[in-house]
Structures are given as C-alpha cells and as structure tokens.
**Q** 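The following block contains the structure, expressed as structure tokens.
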Amino acid sequence: MYGKAAHAGLEPWNGANAGIELAHQILTIAGMAALADSTDSPGTGGTTVTPTVLAGGTTLNTVPALARVGVDVRVPTLAAQSRVDTLMRALSPQVRGTRLEVNGGPNRPPMEAAMSAELFRLAQGLAAGLGLGALEQASVGGASDGNFTAGIGVATLDGLGAVGGGAHADHEHVIVAEMPGRAALLRALVASVLAP
C-alpha cells in the first residue's frame with residue numbers, strides 16, 4: 001500500500017494513510033477463502049487465505065506512506081488457486097490518495113487429494129497391517145516440495161513423518177514413542193511401491 005506522508009499531529013489531513021488502507025485490505029483478504037471455495041463443494045472449505053506478516057509506517061508522528069502485508073494461501077484445487085489470485089489482483093484502494101501494488105502469486109500447485117487417493121489407500125492398509133491404527137487424511141493446502149511432484153502428476157503423500165501437534169506454536173511437539181511406527185510404515189510403503 002502506498003500513501004503520502006504528513007505530520008500526524010500538525011496536518012494529518014495532508015497525508016494519505018497507508019496503514020488505514022492496509023487495515024481495509026486485510027479485512028477483505030481475510031474474507032477471500034469463502035469466496036474462493038464457493039463453487040467447489042460449498043461448505044467443505046479447504047482454502048485458507050491468511051494475512052501474516054504486517055509492516056507499515058516510519059515514526060510515531062508520521063502518517064504512514066507505506067504499508068504491506070504478506071498473505072499465506074492454501075488451496076485444494078487449481079480452480080480455487082486461480083480464484084484467489086484473481087481476487088487478490090482485483091483489490092482496489094479504499095482510502096483516498098492511496099494505491100495498491102500486488103506482488104507475487106501462486107508459487108506451487110496444490111496437492112489435489114484425488115490424485116493420490118490410491119496411494120493413500122495403500123498406506124492406510126499398510127498402517128492397519130502394522131497395527132498402527134487408522135491412518136487419517138488431512139488436507140491443509142500444503143506448501144511442501146510434494147506439491148511440485150503432485151503438480152506434475154506423480155502420486156504423492158506428505159506428512160508421513162513425525163506425529164505431534166501445535167505446528168508453529170509455543171506448544172509444538174513430536175511424540176517420540178510414535179517414531180518407530182512411522183518409520184516402519186514408511187519402509188513398508190516404499191517396499192510396496194517398488195515391488196514388481
């Protein structure tokens with residue numbers, strides 16, 4: 001967001017507050033997930049559009065002339081990815097005297113669940129055979145290297161590693177006792193895929 005600096009106490013009206021513009025845009029961006037998912041299985045979700053890193057302003061007594069937001073987008077399908085990109089590029093300024101610049105865009109294809117359904121069923125069967133219990137599927141729109149292999153048509157599973165919780169939070173953890181079972185599952189899966 002680009003605005004115009006001015007003294008915040010003496011003549012704020014001579015500025016164009018990029019920070020206020022940023023606030024408007026963050027609210028719009030935060031509502032994009034529902035719009036992007038509206039034509040794929042309504043009510044199932046799957047798309048997340050999350051404003052993350054925010055920055056703006058220079059000094060306490062200056063109307064901010066510059067502000068920015070980073071946005072993390074996770075999508076279940078290429079169609080949803082395209083809709084979010086279109087919505088981002090359609091953003092328009094709300095504060096007089098400001099302007100927007102949208103940089104970036106999709107940096108990897110989504111890992112569509114249907115693409116790897118057969119491989120996942122194989123992993124589920126192997127997990128049951130090893131006595132590991134039900135192997136559950138999760139879809140988070142991912143941002144792993146696995147998205148690249150899935151994007152070129154290679155059946156790909158992600159998240160077969162450590163069991164734990166609290167990703168990126170203060171309570172993030174791994175359950176060490178689960179590691180041998182996960183290693184055995186991975187070994188069995190590789191052996192099954194490579195078997196003639």
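Just so you know, these numbers use all the heavy atoms, side chains as well, and skip hydrogens, waters and symmetry mates.
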**Q** Would you check if N103 and E101 make a side-chain contact, meaning some heavy-atom pair closer than 4.5 Å?
**A** yes
**Q** Which atoms form the tightest heavy-atom contact between R182 and V163, and what is the distance?
**A** NE-CG2, 3.4 Å
**Q** Quick one: do L157 and L185 end up in the same hydrophobic cluster if we chain Ile, Leu, Val, Met, Phe, Trp and Tyr together by side-chain heavy atoms under 4.5 Å apart?
**A**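 Same cluster.
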**Q** Which heavy atom in T52 sits nearest to a heavy atom in V71, and how many Å separate them?
**A**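 Closest heavy-atom pair between T52 and V71: OG1-N, 4.1 Å.
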**Q** Could you tell me whether a side-chain N or O of S144 sits under 3.5 Å from a main-chain N or O of G146, the two making a donor and an acceptor?
**A**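 Checking the backbone N and O of G146 against the side chain of S144, a donor-acceptor pair under 3.5 Å is found.
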**Q** Say whether, by atom type as modelled, one donor and one acceptor occur between the side chain of Q81 and the main chain of P76 under 3.5 angstrom.
**A** no
**Q** Linking I/L/V/M/F/W/Y whenever any side-chain heavy atoms sit under 4.5 Å apart, do L54 and V73 land together?
**A**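 Looking at the clustering, V73 is in the same group as L54.
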**Q** When you measure from the side chain of R99 to the backbone of M1, do you find a donor-acceptor pair of N or O atoms at a distance under 3.5 Å?
**A**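 Not at all, since once roles are kept as given, no pair shorter than 3.5 Å links the two residues.
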**Q** Which heavy atom of H168 sits nearest a heavy atom of E172, and at what distance?
**A** N-OE1, 3.2 Å
**Q** Taking atom CG of L60 as the centre, report whether more than 12 heavy atoms of other residues, nucleotides or ligands fall under 6.0 Å from it.
**A**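 At most 12 heavy atoms, drawn from other residues, nucleotides or ligands, come within 6.0 Å of this atom.
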**Q** Mind listing the closest non-hydrogen atom pair of D85 and P106 along with its distance?
**A**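 Reported closest heavy-atom pair: OD1-CD, 3.6 Å.
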**Q** Tabulate below the donor-acceptor pairs under 3.5 Å that side-chain atoms of residues 111-134 make, not counting sequence neighbours, or state none.
**A**
from : atom 1 : to   : atom 2 : distance (Å)
E112 : OE2    : L78  : N      : 3.2
S116 : OG     : T156 : N      : 2.7
S116 : OG     : T156 : O      : 2.9
Q124 : NE2    : L135 : O      : 3.2

**Q** Report yes if the side chains of V174 and M179 come closer than 4.5 Å at any heavy-atom pair, otherwise no.
**A**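 They are in contact (side-chain heavy atoms under 4.5 Å apart), so the answer is yes.
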**Q** Considering all heavy atoms of both residues, which atom of N147 and which atom of P109 are nearest to each other, and what is their separation?
**A** ND2-O, 2.9 Å
**Q** Rounded to the nearest 0.5 Å, what separates atom CD1 in I20 from atom CZ in R96?
**A**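 Result: 12.5 Å between the selected atoms.
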**Q** Tell me the side chain to side chain donor-acceptor pair (under 3.5 Å) pairs involving residues 9-19, sequence neighbours left out?
**A** E11-N14
**Q** Quick one: side chain to side chain donor-acceptor pair (under 3.5 Å) pairs with a partner in residues 55-72, sequence neighbours left out?
**A** T59-N61, T59-T62, D72-R74
**Q** Between side-chain atoms of residues 23-35 and protein atoms elsewhere (two or more places apart, or another chain), which donor-acceptor pairs fall under 3.5 Å?
**A**
from : atom 1 : to  : atom 2 : distance (Å)
Q25  : NE2    : E21 : OE2    : 2.6
Q25  : NE2    : S92 : O      : 2.9
T28  : OG1    : H24 : O      : 3.3

**Q** Mark yes or no for whether S82, through its side chain, and A79, through its backbone, hold a donor-acceptor pair below 3.5 Å.
**A** no
**Q** Could you give the side-chain donor-acceptor pairs of residues 187-196 under 3.5 Å, partners two or more places apart or in another chain?
**A**
from : atom 1 : to   : atom 2 : distance (Å)
S192 : OG     : A188 : O      : 3.0

**Q** Find out if a path of hydrophobic residues (ILVMFWY) with successive side-chain heavy-atom gaps under 4.5 Å connects L100 to V84.
**A**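 They do share one cluster, since a chain of ILVMFWY contacts under 4.5 Å joins L100 to V84.
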**Q** For A65 versus A5, what's the shortest heavy-atom pair and its separation?
**A** CB-N, 3.5 Å
**Q** Could you list the residues that satisfy side chain to side chain contact (heavy atoms under 4.5 Å, CB included) with A16, not counting sequence neighbours?
**A**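 Side chain to side chain contact (heavy atoms under 4.5 Å, CB included) check on A16 returns K4, T98.
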**Q** Rounded at 0.5 Å granularity, tell me how far CG in L22 sits from CD in Q94.
**A**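 So the gap between those two atoms works out to 12.5 Å.
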